[in-house]
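Remember, predicted model here, so these are calculated numbers, not experimental data. Each chain gets a letter, A, B and so on, in the order the sequences are listed, and its residues count up from 1. Side-chain atoms are counted along with the backbone in the values below, which use heavy atoms only and exclude waters and symmetry mates.
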2 protein chains.
Amino acid sequence: MKLRIGELARRTGLTVRTLRHYDQIGLLTPSGRTEAEHRLYSETDLRTLQQIQSLKAIGLPLGQIRAVLQDPGHDPQRVIAQHIRVLEEGLARQRALLERLRRLDLAGASWSDLTEVIGMSEKVERMLDTARRVGEQPRFDDEQMKYLEGRRAEVGEARIQEVEAEWPRLMAEVLREMAAGTPASDPRVLDLARRWRGLVAEFTGGRADIGGTLNESYRANMTPEMQAMWSYIGEALGHLQ
Amino acid sequence: MKLRIGELARRTGLTVRTLRHYDQIGLLTPSGRTEAEHRLYSETDLRTLQQIQSLKAIGLPLGQIRAVLQDPGHDPQRVIAQHIRVLEEGLARQRALLERLRRLDLAGASWSDLTEVIGMSEKVERMLDTARRVGEQPRFDDEQMKYLEGRRAEVGEARIQEVEAEWPRLMAEVLREMAAGTPASDPRVLDLARRWRGLVAEFTGGRADIGGTLNESYRANMTPEMQAMWSYIGEALGHLQ
DNA sequence: CTTAGAACCGGACGTTACGTCAGGATCAAG
DNA sequence: CTTGATCCTGACGTAACGTCCGGTTCTAAG
C-alpha cells in the first residue's frame, strides 16, 4: 500500500513542500517512484517519518535527525543530553537578556535616552562579567584601585571601548595560531604577543605589581583552553626579550 | 574627520562585512564616498552605529531597528514592550520544551523507544492543551464522557492524528476567506463549512447534545479573532440547510 | 617611480527549514 | 477530449551575516 505525497502529507499534518524538502536533503527518500516520477511512500517510510516528527518535536535540527537515523550507532542518551545542554544555554541567554530589559527604566525615555541607557547597561554587564571571571580572591589593594580608576579617566571612554573590542579579536587570532600548531617563536605569534603586551600595558599603565596581581587572578580561574592560551602567549612573550 | 570602513570596524568591534551588510540593507549608509567609491563614515554615522549596536544588543531585529531610526515617530515604550512580549513568548516555549525533555525517562531507551515516548508526550500535551482551552466550566456529564471515550477507541489512533492535523489547515483556510471578504454563502465557504461539520461529527459522533456543550465551552473562552471565525462558519453552516 | 602588501570594492554562495510562485506533466472523472 | 486535482523540478525569499573571489586602490618602502 503505497502512498502518494499528498496522501502522506494529509496523514501526518505536514505539507507537500516539507516532504519534498526532506527528500531533497536526504532525510526521507521515498522508497519508490511511479513511471511518471511521482513519489511513492511505503508504510516503512511513514514510520520513519513519524520518528522524524518526534525528534523534530523536541527541537533537534534536521541534520542531526538525519545523522541519528542513518547511523543508529549514536547513543540516544548522549544526543538528547547534549541537546538539553544546547537548549539550556539558549534559555539562559534569553533569560538574562529579558531580565536586563525588564530592569531598564523606560518611563518617559526617548530613543536617544534609551540607547544610552542600554549602552550603560551593556558596559555594566561587561564589567560585572569580567569581575566575576577574574574572581574576587586576589583583589587589588586600595592604592592599586585608585591608580586604576585614575587611568580609566585618563585614557577616556572611547579608547576603552576600542580596547574592549580588540581583546576578543586578538584572542581569536592567538587561538587560531595555536590550533594551526605555529610555534610560539614564530614572527606572527611574536606580533600577537606584542599586541597582547600593549593591551595589558594600557590597562595596567605599565605597573608590574598590578600586572602580576592580574596574572595570578586569571591563572586561578581559567578554563583549560584559556590556560593553554595563557601558556602559549606567555612563551611568546618570553621570546620577545 | 571621516573614517574608512576598516577604521570604523576596529572602533566598534564589528566586522567590515557587517558594515557593508548594514549599508546594503539600508540600515547605515555611509554619508560619503571617496572618488574610488570607498565608504567614508562621519562621526554622526558613528553615533548612529552605536545606537544600532545598543538596539541590537537587546535583540531587536535589524528591520525594526531601521524602522525606528528612520521614523522616530515610533514610541520607544511600545516597541520595547512589544519586544519584551515576543521574548517572553519564545522563552515560555523554550522552557516548556525543556521541561518536557527533562521529564522523559531516558534510562536505557533505544531510538525507537525514545520516539515512541516522545510521541506519547506530544499527544498528552495536545490533549492537555485542548482541555485547557475548552475550559473546565461546562463539562460533559459522566454518560457523555463514557460515550466520547468509546468513540475514541472506535475510530482509532491513526484517524485521530489525521483529524488533529486537519483542524489547523481548515481554520487557516477559513481565516483566509474571511480576510478576503468572501461572503459566507459563497460555494467555497460552504465547502469549508461541510468539512467543518464533518470534523465535528467525527468527534461528537453526531450527538447534538455533545456538540452543544462543546459549542458553549468554546464560545465562552475564545479570542476575538476566533469568535469572528466562529460566527462566520456558523453563518455558512446555516446556509447549508 | 615602481612595487608589494594592506585595505577596499561588488558579487555570489552557504547557513535553517521550509513558503511561495512559475511553468509544465500526469491522472481521474465526466 | 477537456477539466480540475495532483504531481514534477527549479528558483527566489527569509535573518544576519561569514567566507571566498577576482579585481581596484591606497600607502609606504625601495
Side-chain angles (χ1 to χ4, degrees), chain A residues 2-30 32-41 49 52-53 55-67 69 83 86-87 90 93 168-169 172-173 176 187-188 191 195, chain B residues 2-30 32-41 49 52-53 55-67 83 86-87 90 93 168-169 172-173 175-176 187-188 191 195:
Chain A
K2 298 282 194 172
L3 303 170
R4 285 164 309 153
I5 195 169
E7 258 302 287
L8 186 61
R10 268 197 323 96
R11 295 213 190 180
T12 57
L14 298 172
T15 69
V16 169
R17 176 65 177 95
T18 297
L19 292 174
R20 282 203 269 256
H21 180 60
Y22 289 175
D23 186 7
Q24 235 179 355
I25 66 175
L27 177 59
L28 179 70
T29 306
R33 293 264 188 160
T34 69
E35 304 159 5
E37 291 294 297
H38 290 191
R39 292 174 178 79
L40 288 179
Y41 293 87
L49 184 54
I52 291 172
Q53 282 186 281
L55 295 175
K56 196 166 80 93
I58 65 172
L60 265 193
L62 298 185
Q64 288 199 33
I65 296 178
R66 184 178 45 194
L69 289 184
H83 182 54
V86 170
L87 285 180
R93 269 202 307 276
R169 267 200 305 274
E173 288 180 53
R176 204 182 321 147
R188 280 203 309 277
D191 256 2
R195 283 167 59 193
Chain B
K2 298 283 194 171
L3 302 170
R4 285 165 308 152
I5 194 169
E7 257 303 287
L8 186 60
R10 268 199 321 96
R11 295 213 190 180
T12 58
L14 299 172
T15 69
V16 170
R17 176 64 176 96
T18 296
L19 292 174
R20 281 203 270 254
H21 181 60
Y22 288 177
D23 186 6
Q24 238 178 356
I25 65 175
L27 177 58
L28 180 70
T29 306
R33 294 266 188 159
T34 70
E35 303 158 6
E37 290 295 296
H38 289 193
R39 292 173 179 80
L40 288 178
Y41 293 87
L49 184 53
I52 291 172
Q53 282 186 282
L55 295 176
K56 196 167 80 93
I58 64 172
L60 266 193
L62 299 186
Q64 288 199 33
I65 297 178
R66 184 178 44 193
H83 182 53
V86 170
L87 285 180
R93 270 202 307 275
R169 266 199 305 275
E173 288 181 54
L175 286 172
R176 203 182 322 145
R188 282 204 307 277
D191 255 3
R195 283 168 58 193

Expressed in angstrom and rounded to an integer, what is the separation of B/Ile5 atom CD1 from C/dA6 atom C1'? 15 Å

Short N/O separations, protein against nucleotides 11-16 of chain C, under 3.5 angstrom:
none

Heavy-atom contacts, protein to nucleotides 22-30 of chain C, under 4.0 Å, summarised as B (base), S (sugar-phosphate only) or - (none) per nt, yield ----SS---

Tell me what A/Arg10 touches on the nucleic acid: a base, only sugar-phosphate, or nothing, going by heavy atoms under 4.0 Å. nothing

If only side-chain N and O atoms of A/Tyr22 are considered, is one of them under 4.0 Å from the OP1 or OP2 phosphate oxygen of C/dC18? yes

Short question: side chain of A/His38, backbone of A/Ile5 - any donor-acceptor pair under 3.5 Å? no

Between C/dA17 (C1') and A/Asp23 (CG): distance, integer Å: 15 Å

Applying side-chain contact (heavy atoms from CB on, under 4.5 Å), can you list everything that pairs with B/Val86, at least two apart in sequence or on another chain? B/Gln82

Touch check for B/Ile25, heavy atoms < 4.0 angstrom, all strands: base, sugar-phosphate only, or nothing? nothing

Residues that A/Thr34 engages under side-chain hydrogen bond (donor to acceptor under 3.5 Å, both in side chains), provided they are two or more places apart: none

B/Arg66: which residues meet the side-chain hydrogen bond (donor to acceptor under 3.5 Å, both in side chains) condition with it, sequence neighbours left out? none

Applying salt bridge (Lys or Arg N to Asp or Glu O under 4.0 Å), can you list everything that pairs with B/Arg188, at least two apart in sequence or on another chain? B/Glu177

Calculate, to the nearest 0.5 Å, the distance between atoms OG1 and CG belonging to A/Thr12 and A/Leu19 respectively. 5.5 Å

Working to the nearest 0.5 angstrom, can you tell me the gap between A/Leu14 CG and A/Tyr22 OH? 5.5 Å

For B/Ala57, give me all partners under side-chain contact (heavy atoms from CB on, under 4.5 Å), at least two apart in sequence or on another chain. A/Glu122

What distance separates B/Leu40 CG from B/Leu8 CG, expressed to the nearest 0.5 Å? 11.0 Å

Salt bridge check, B/Arg17 against B/Asp23: does any charged N sit closer than 4.0 Å to a carboxylate O? no

Atom pair CG/NZ of B/Leu62 and B/Lys56 - distance to nearest 0.5 Å: 7.0 Å

Mind calculating the distance between CZ (B/Arg20) and P (C/dG10) to the nearest angstrom? 7 Å

Angle, rounded to 10°, between the helical axes spanning five pairs at each terminus of the helix from C/dC1-D/dG30 to C/dG30-D/dC1? 40°

For A/Asp191, all residues meeting side-chain hydrogen bond (donor to acceptor under 3.5 Å, both in side chains), sequence neighbours excluded: A/Arg194

State whether A/Thr18 places a side-chain N or O below 4.0 Å from either non-bridging phosphate oxygen (OP1 or OP2) of C/dA17. no

Taking only the side-chain nitrogens and oxygens of A/Arg66, find out if one of them lies under 4.0 Å from OP1 or OP2 of C/dA17. no

What pairs with B/Thr29 under side-chain hydrogen bond (donor to acceptor under 3.5 Å, both in side chains), at least two apart in sequence or on another chain? none

Outermost DNA chain D nucleotides near chain A [under 4.0 Å, heavy atoms]: D/dC7 to D/dA11

How would you label the contact of A/Arg39 with the nucleic acid (heavy atoms, under 4.0 Å): base, sugar-phosphate, or nothing? sugar-phosphate

According to salt bridge (Lys or Arg N to Asp or Glu O under 4.0 Å), who are the partners of A/Glu7, at least two apart in sequence or on a separate chain? A/Arg10, A/Arg11

Rounded to the nearest Å, what distance is computed from the CG atom of residue B/Leu40 to the P atom of nucleotide C/dC8? 10 Å

